Amino acid sequence: MTTTTVTRPVSGQLMAPLVEPVTFAGLSLASRFVMAPMTRFRSPGGVPTPEVAAYYRRRAEQRVGLIVTEGVLVGHPSAGHERTVPRMTAGPAKAGWRRVVDDVHAAGGRIAAQLWHLGSLRDPVDGVRAWTPSGVREPGRPASHAMTLKDMDVLLESYAEAARVAARAGFDAVEVHAAHGYLLDEFLWPFTNRRTDAYGGPPARRVAFPAEVVRAVRTAFPADRPVIVRFSQFKERRFDGRIAETPEQLGQILTAFADAGADAFHASQRRFWQPAFPGSARNLAGWAKRLTGLPAITVGSVALTREFLRPGGPESMSGLVERLTEGEFDLVALGRILLANPAWVTNAADGNLDMISDYRKEHEDSYH
Ligand SMILES: Cc1cc2nc3c(=O)[nH]c(=O)nc-3n(C[C@H](O)[C@H](O)[C@H](O)COP(=O)(O)O)c2cc1C
């Protein structure tokens, strides 16, 4: 008996609740699977090419309900320096995005643009220093520019402009990137936010600027299309970094986002099955939903190998679906497994496990 024969009916049955149509924050989606945002360095001059459009379309054709683009730089020069990371507002980028959106829509998919500012993780090139809340950077890195109140106004307009352009390009949603140690997360994290004004101090003050960004984006983006906020505890370069030590602190941060107009949360963690706080099995997305009542996306090491699809414990598809059906979160984002497997959702749902490649690091170098 082959592995395929054994598992074909099982993975499909297990996954059934994930591959049915759903409405999420007002969006009709073909499934509960989301493509997680992943920077790919494939947009020369910041302009997404037809190859980029085809890459996203391939996932939409295979029952990924919502695609979140790779991080897209907002217009201000401090946002980022990389020449192949896409931009939103640069002239020719606008037509590039229209094509991406049209291709995804033609495949029956939905797509959100992730709006990004690198903060201290921008290299100081082109005569522009990194912009950060307090000038704090990692040891050995050049000093960064501590943002003034006027700088904040400038960036609010950059985010708003990016949201307006995204709306005109036809994006179904935008996602504000406030995770992983980039600018907005640097405001949330006490280590990088040492401000003594209204934008630093306790959680409710550290969230003030990121929440103003969400408000600016919400105001600029059509009211009938959702604004998602992505946040995390961990930082790309500090896995133990935390924005909130307790659910109460997290509640203060997320409530401020909700009050500013956030429609949903994308709670980034490295392993979805890990509890966010001691004393409860609830993960970070579970807490976001519980603390705000807003819908939430979970993510983190979902389905990296085919083993995940066999009936198993909390770290398997069974555990994931159990949490979903209990209402802990609403959507499930897939990152790395979708790099090598554009058709992962279809193949897993149909039990075609022999057509799925387990994730390997070198998949991050391929682009198809
Ligand atoms: C190559 C790569 C690029 C990524 N780029 C981004 C990004 O631009 N924005 C973001 O919020 N997260 C980014 N992430 C994190 C993913 O969105 C996701 O949270 C992470 O890969 C965990 O999900 P996974 O275990 O399913 O891969 C990236 C991850 C990878 C592997």
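What you see is a predicted model; the values in this text were computed from it and never measured. Read the numbers this way: they start at 1 and go in the same order the structure lists the ligands and their atoms.
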Practice item. Show which atoms of ligand 1 fall inside a sub-4.0 Å distance from at least one heavy-atom site of R336. Key: 24 (P), 25 (O), 26 (O), 27 (O), 31 (C)

Revision key, fill the gap. Counting from 1 in the order shown, the ligand 1 atoms closer than 4.0 Å to a non-hydrogen atom of H177 are 9 (N), 10 (C), 11 (O)

Practice item. Find out if a path of hydrophobic residues (ILVMFWY) with successive side-chain heavy-atom gaps under 4.5 Å connects L294 to I243. Key: yes

Point to revise | atom 30 (C) of ligand 1: nearest protein contact (heavy atom, Å) | key: M38 CG, 3.8 Å

Practice item. Can you measure from CG (L184) to OH (Y159) and round to the nearest 0.5 angstrom? Key: 4.0 Å

Exercise for review: Determine, for D263 against R218, whether the closest basic-nitrogen to carboxylate-oxygen distance falls under 4.0 angstrom.
Suggested key: yes

Check your understanding: atom 19 (O) of ligand 1: which of H266, H363, R230 has the nearest heavy atom?
Key -> R230

Check your understanding: Does A179 have a heavy atom less than 4.0 Å from any atom of ligand 1?
Key -> no

Review point. So if you build clusters from Ile, Leu, Val, Met, Phe, Trp, Tyr with side-chain heavy-atom gaps below 4.5 Å, do L291 and F265 land together?
Key: yes

Review point. Quick one: do D240 and R238 make a salt bridge, cutoff under 4.0 Å?
Key: yes

Review point. Just which atoms of ligand 1 are under 4.0 Å from any heavy atom in V299?
Key: 19 (O), 23 (O)

Point to revise | Heavy atom of the protein closest to atom 26 (O) of ligand 1 (residue, atom name, distance) | key: G335 N, 2.8 Å

Check your understanding: Can R270 be said to sit on top of F272's aromatic six-ring, NZ or CZ under 6.0 Å from centre and within 45° of the ring axis?
Key -> no

Exercise for review: Heavy-atom contacts with G71 under 4.0 Å: which atoms of ligand 1 show up? List them by number with element.
Suggested key: 8 (O)

**Study point:** For atom 13 (C) of ligand 1, the protein heavy atom that lies nearest, with its residue and separation
**Key:** P37 O, 2.9 Å

Practice item. Ignoring angles and geometry beyond distance, decide whether S301 reaches within less than 3.5 Å of ligand 1 through its nitrogen or oxygen atoms. Key: yes

**Study point:** Value rounded to 0.5 Å, distance of NZ in K289 from CZ in F329
**Key:** 9.5 Å

Revision key, fill the gap. Among L334, V34, T39, closest by heavy atom to atom 3 (C) of ligand 1 is T39

Point to revise | Atoms of ligand 1, numbered as shown, that sit under 4.0 Å from any heavy atom of Q114 | key: 7 (C), 8 (O), 9 (N), 10 (C), 11 (O)

Review point. Looking at the rings of Y367 and Y55, which for Trp means the six-membered one, are their centres under 6.0 Å apart?
Key: yes

